[in-house]
Amino acid sequence: MQDLSAIPIETHPFPPFVPIGARVLMLGTFPPKPHRWAMEFFYPNRTNDMWKIMGLIFFGNPFQFYDAEAKTYRLPQLKRFLEQQHCHACAKAQR
C-alpha cells in the first residue's frame, strides 16, 4: 500500500460559508489559480457557470450576480441570496 502521508494536502483558499439555518450544501472543486478569480468566494472564475445557472434558475437572468463593468460578481448580493435559500458552501479534505 502506498504511503499517503508524503503527499501534500491542498488547502482551500476560502473559509466555509455557513449561514444560520443552512440546509443545502453546495460542494464543488477547488478554485482555479488566483489570477483567474473574479472574486474571493466559491466558484470565483468568470468562466464558471455556477452563478450564471443560479441566476437563470431563480431570476431568469444568467447575469443576476455578475457586474460586467467591474468584471466581478456581486458578492454581497450573492451571499444574501445563499442565506435566503439556506445554502452553505465549503470544502474539506481529510486523510
Side-chain angles (χ1 to χ4, degrees):
M1 182 172 207
Q2 182 183 4
D3 178 13
L4 298 179
S5 65
I7 299 173
I9 294 178
E10 185 176 0
T11 302
H12 201 282
F14 310 127
F17 176 77
V18 186
I20 294 172
R23 297 185 310 245
V24 177
L25 169 63
M26 296 174 57
L27 189 61
T29 59
F30 276 70
K33 299 292 182 197
H35 72 275
R36 296 186 62 203
W37 295 356
M39 65 176 168
E40 291 190 17
F41 193 66
F42 295 88
Y43 309 100
N45 192 343
R46 280 187 296 278
T47 61
N48 186 307
D49 288 330
M50 176 62 165
W51 303 123
K52 293 173 190 165
I53 291 169
M54 296 299 268
L56 185 60
I57 290 170
F58 286 89
F59 301 97
N61 178 4
F63 300 103
Q64 177 72 24
F65 302 113
Y66 190 68
D67 181 342
E69 187 176 314
K71 296 183 180 178
T72 189
Y73 289 93
R74 297 180 186 98
L75 189 52
Q77 179 187 7
L78 189 53
K79 286 183 175 182
R80 276 193 311 277
F81 166 76
L82 292 174
E83 289 169 350
Q84 291 166 351
Q85 296 302 317
H86 305 286
C87 294
H88 84 275
C90 69
K92 184 172 182 176
Q94 289 182 320
R95 263 198 197 139

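Contact detail for Leu75 and Met39: the closest heavy-atom pair is CD1-SD, 3.9 Å. In this structure, Pro31 and Phe14 approach most closely via the heavy-atom pair CG-CE1, 3.8 Å. Between Tyr73 and Arg46, the shortest heavy-atom contact is OH-O, 3.6 Å. Considering every non-hydrogen atom in both Pro32 and Trp37, the closest pair reads O-NE1, 2.8 Å. Trp51 and Phe42 make their closest contact through NE1-O, 3.0 Å (heavy atoms, listed as atom of the first residue, atom of the second, distance).
Qualifying salt bridge (Lys or Arg N to Asp or Glu O under 4.0 Å) partners for Asp49, counting only residues two or more places apart in sequence or in other chains: Lys52. Considering only residues two or more places apart in sequence or on other chains, Ile57 meets the side-chain contact (heavy atoms from CB on, under 4.5 Å) condition with Ile53. Asn61 meets the side-chain contact (heavy atoms from CB on, under 4.5 Å) test with Phe63, Gln64; sequence neighbours excluded.
Put simply, the side chain of Met54 does not reach to within 4.5 Å of the side chain of Leu78, judged on heavy atoms. Between His88 and Pro19 there is a side-chain heavy-atom pair separated by less than 4.5 Å.
Cluster annotation: Val18 is not connected to Met50 through the hydrophobic network of ILVMFWY side chains, with a link wherever side-chain heavy atoms come within less than 4.5 Å. Cluster annotation: Phe58 is connected to Phe17 through the hydrophobic network of ILVMFWY side chains, with a link wherever side-chain heavy atoms come within less than 4.5 Å.
Between His12 and Phe30, the two ring planes are tilted [angle within 30° to 60°].
With a 6.0 Å radius and a threshold of 12 heavy atoms from other residues, nucleotides or ligands, Glu40 has its CD atom at or below the threshold. The environment of Leu25 atom CG is dense: over 12 non-hydrogen atoms of other residues, nucleotides or ligands sit within 6.0 angstrom.
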